[in-house]
Amino acid sequence: MARKKQKKLVVELDLPKDDKTLKNLYIVIFFSVILGLSSGIMWVTNSGFIPTANGEPMFTNVYCGATAEDNLGTDFSAEFSGSVKPSYQANESCAILKDNPDQLQWSENPWTNFLSKAKSFDVPGMPDQVRGDVIVEQPLSLKCNVDAPTPTRYTVVIRDADLNVIGEEFTGLTGRDSDVCLIEIDDIAPGQEYEVAIFSLDDGNRLNSAEFDMTLDFYDGVPTNMNNKSYWLGPKIELGPLDLRPMIFLNFFGLTFFFLLYPASLYWERVEKKKNEIEEKFPDFLRDMAEYWKGGLSMTVAVQTLVKSEYGALNEEVKKMSDQLSWGIKFSDVIKQFSERVGTPLVKRAITLIAEADRAGGKISDILVTAANDSREIKFLEGERSRAIGSYIAVIWTSYFVFLGVITLLGKIFIPAIAKSNSGDEGGGTGDTGGANIGNMTIRSIDPLFFVTVFYYGVTMQALGNGSMAGLMQNGRFSAGFKHSGMMIIAALLAFNLLVFSPDLIGESSHAISQQIITSDSTYTVGLNPSGGGYVPSPLT
């Protein structure tokens, strides 16, 4: 006789899980503190608040002092711990201080109706005493286009002041498509004047038009990630028309407070939001329990029946209570654990009242209805307060954006204009010399980066203050406003990085604007600086 196959009985126990709210909060706080302190260290070691003997930021001194070594194995770490500014060779030995070339371009308007014509230009760069033993090549490229009424032979050359041809000259015939008018020089020496000259080689044949584009890569000796005053700017990111410096030391000031305050505040805000959603449905749950009690059901059966109802965020808690009751746990213990999980004063007060009524016996339905009405009234008052405070929160945000807008305009328009008007030069650089005279009053030149720094610190502090007050008004806790502070800090970061941290204000391109490179022979303002004519505007001999 065949034995019947026994059926397996599977029991799924949805055991209540431990509340991990505080554990998750501590984890968020731990990582927030790590990121915040890291940002703070990055900021303070680059901000100049910690003075160094050589004037370089402590960050670069420490990093480069530990890693600086050139291709030949020379150790330059001592230069980053001394009292003298590190040499160009030392900077080149450190990965974050290497000097990348800046590119200058010259697009000339067409020269028309001529036999020969030339224009001189400067070649900037570092003098030998600055460059030292480092090999620096400055390539030059010239693309040209020459036209004539009849096929005419012509020559394009780049010459120095002694009329020596630099590189290879180009000779071509107008109208011939196979000729590519191009001159490329692998390395052109800085600190001298040169000329571009174009000549017709056929007697009497004039050239109808000639135009060219020149590109020169030159080195100014300033590390790529630094400005002229040794402030850390970080790597450049080109985003369409924008040149951003997301690692500029000022950003770390705002990020310090953002990481310390915003993540934990945001997480706790979500916890409070979930608790608020539970409280919103709690009066409905109490009312339905009262109705089932009036119908003759016990509390245990009522809860187990209500598990099939829809209470939104309260569904999970009702299911937990139903499961616990099915395991034989007393009703008073179940609702007590429920109040501890939710943890809000409103739920705790109502549950305490219900537990006492259940223990004492009697007509518990009236207690449930009273607790439901009381909870609903409290939530209504909280909603009224939230709606009333909402207008004040909007005023705080509006005032902050007005302040941020004014500061942004000052940093973007007003400060550059003032710096340009009294810097003593036409470019409006960031030097400390020079100034402007108005009658008997002298206005000293200003450093735009100083004012931009002060403005950014002020905007960040305003974000902290405004956000904290918003939280205090909203629910009586400063910490509740840290979420607002974090969002305000992000708004300031975006505004300053997109609008204010421009090259002329942070000193990224001030070499190309106002400073000069001095050689033993003469001084040249940085730039190609094309002149009105050449040395010898006559045909080649």
Side-chain angles (χ1 to χ4, degrees), residues 7-25 268-387 475:
K7 295 182 179 180
K8 292 183 179 180
L9 180 62
V10 179
V11 179
E12 295 183 1
L13 296 178
D14 186 12
L15 298 174
K17 301 176 181 178
D18 295 335
D19 187 7
K20 297 183 179 180
T21 302
L22 289 180
K23 179 180 178 181
N24 293 337
L25 176 63
W268 197 249
E269 180 74 13
R270 292 184 176 180
V271 172
E272 291 296 324
K273 182 179 179 182
K274 184 177 180 180
K275 290 181 179 180
N276 185 63
E277 291 174 351
I278 292 175
E279 288 183 343
E280 291 288 346
K281 294 294 183 179
F282 185 61
D284 297 335
F285 174 69
L286 296 179
R287 181 201 61 202
D288 292 343
M289 284 184 62
E291 294 298 327
Y292 277 100
W293 177 268
K294 291 178 182 180
L297 298 179
S298 65
M299 284 296 179
T300 300
V301 177
V303 173
Q304 292 176 335
T305 304
L306 290 174
V307 75
K308 299 178 182 179
S309 302
E310 178 58 41
Y311 294 108
L314 192 57
N315 284 340
E316 183 179 353
E317 296 297 335
V318 175
K319 188 176 186 304
K320 286 182 180 180
M321 288 190 289
S322 175
D323 293 340
Q324 289 174 321
L325 290 171
S326 67
W327 301 332
I329 302 176
K330 293 173 56 177
F331 174 76
S332 58
D333 294 336
V334 170
I335 59 176
K336 183 179 179 181
Q337 293 178 13
F338 163 70
S339 67
E340 291 175 352
R341 287 195 302 270
V342 177
T344 61
L346 184 147
V347 172
K348 285 185 176 180
R349 182 171 64 175
I351 292 300
T352 301
L353 182 62
I354 295 170
E356 290 298 322
D358 179 66
R359 184 179 63 83
K363 195 174 181 181
I364 196 173
S365 58
D366 292 341
I367 302 299
L368 290 172
V369 171
T370 302
N373 292 336
D374 180 63
S375 300
R376 184 175 287 107
E377 185 67 22
I378 291 175
K379 295 306 295 180
F380 174 78
L381 293 176
E382 289 180 356
E384 285 294 313
R385 176 186 177 183
S386 179
R387 286 186 288 272
N475 50 26

**Message:** Applying side-chain hydrogen bond (donor to acceptor under 3.5 Å, both in side chains), can you list everything that pairs with Asp333, at least two apart in sequence or on another chain?
**Reply:** none
**Message:** Is there a side-chain contact between Val342 and Phe282 in this structure, where contact means two heavy atoms from C-beta onward sitting under 4.5 Å apart?
**Reply:** no
**Request:** Could you label the plane-to-plane angle of the Phe285 and Phe338 rings as parallel, tilted or perpendicular, counting under 30° as parallel and over 60° as perpendicular?
**Result:** tilted
**Message:** Under 4.0 Å between a side-chain nitrogen and a carboxylate oxygen: does that hold for Arg387 and Glu384?
**Reply:** yes
**Item:** Trace of the side chain to side chain contact (heavy atoms under 4.5 Å, CB included) decision for Lys281 with Glu277
**Value:** CA-CA 7 Å; Lys281 294 294 183 179; Glu277 291 174 351; over 6 Å; no
**Asked** Should Lys336 and Lys330 count as side-chain neighbours, where that means a heavy-atom distance under 4.5 Å?
**Response** no
**Set of residues satisfying side-chain hydrogen bond (donor to acceptor under 3.5 Å, both in side chains) with respect to Arg349, sequence neighbours excluded** = Asp374
**Request:** Taking salt bridge (charged side-chain N to carboxylate O under 4.0 Å, His left out) as the test, write out the residues that go with Asp284, two or more places apart.
**Result:** Arg287, Arg376
**Message:** Can you list everything that forms a side-chain hydrogen bond (donor to acceptor under 3.5 Å, both in side chains) with Gln304? Sequence neighbours excluded, please.
**Reply:** none
**Request:** Not counting sequence neighbours, which residues clear side-chain hydrogen bond (donor to acceptor under 3.5 Å, both in side chains) with Asn276? List them please.
**Result:** Lys379
**Message:** Show every salt bridge (charged side-chain N to carboxylate O under 4.0 Å, His left out) that has at least one partner inside residues 305-316, sequence neighbours left out.
**Reply:** Glu316-Lys320
**Fill in**
Residues Ala313 and Ile278: closest non-hydrogen pair is O-CG1, 3.8 Å
**Request:** Please name the pair of heavy atoms, one in Ser339 and one in Val347, separated by the smallest distance, quoted to 0.1 Å.
**Result:** CA-CG1, 4.0 Å
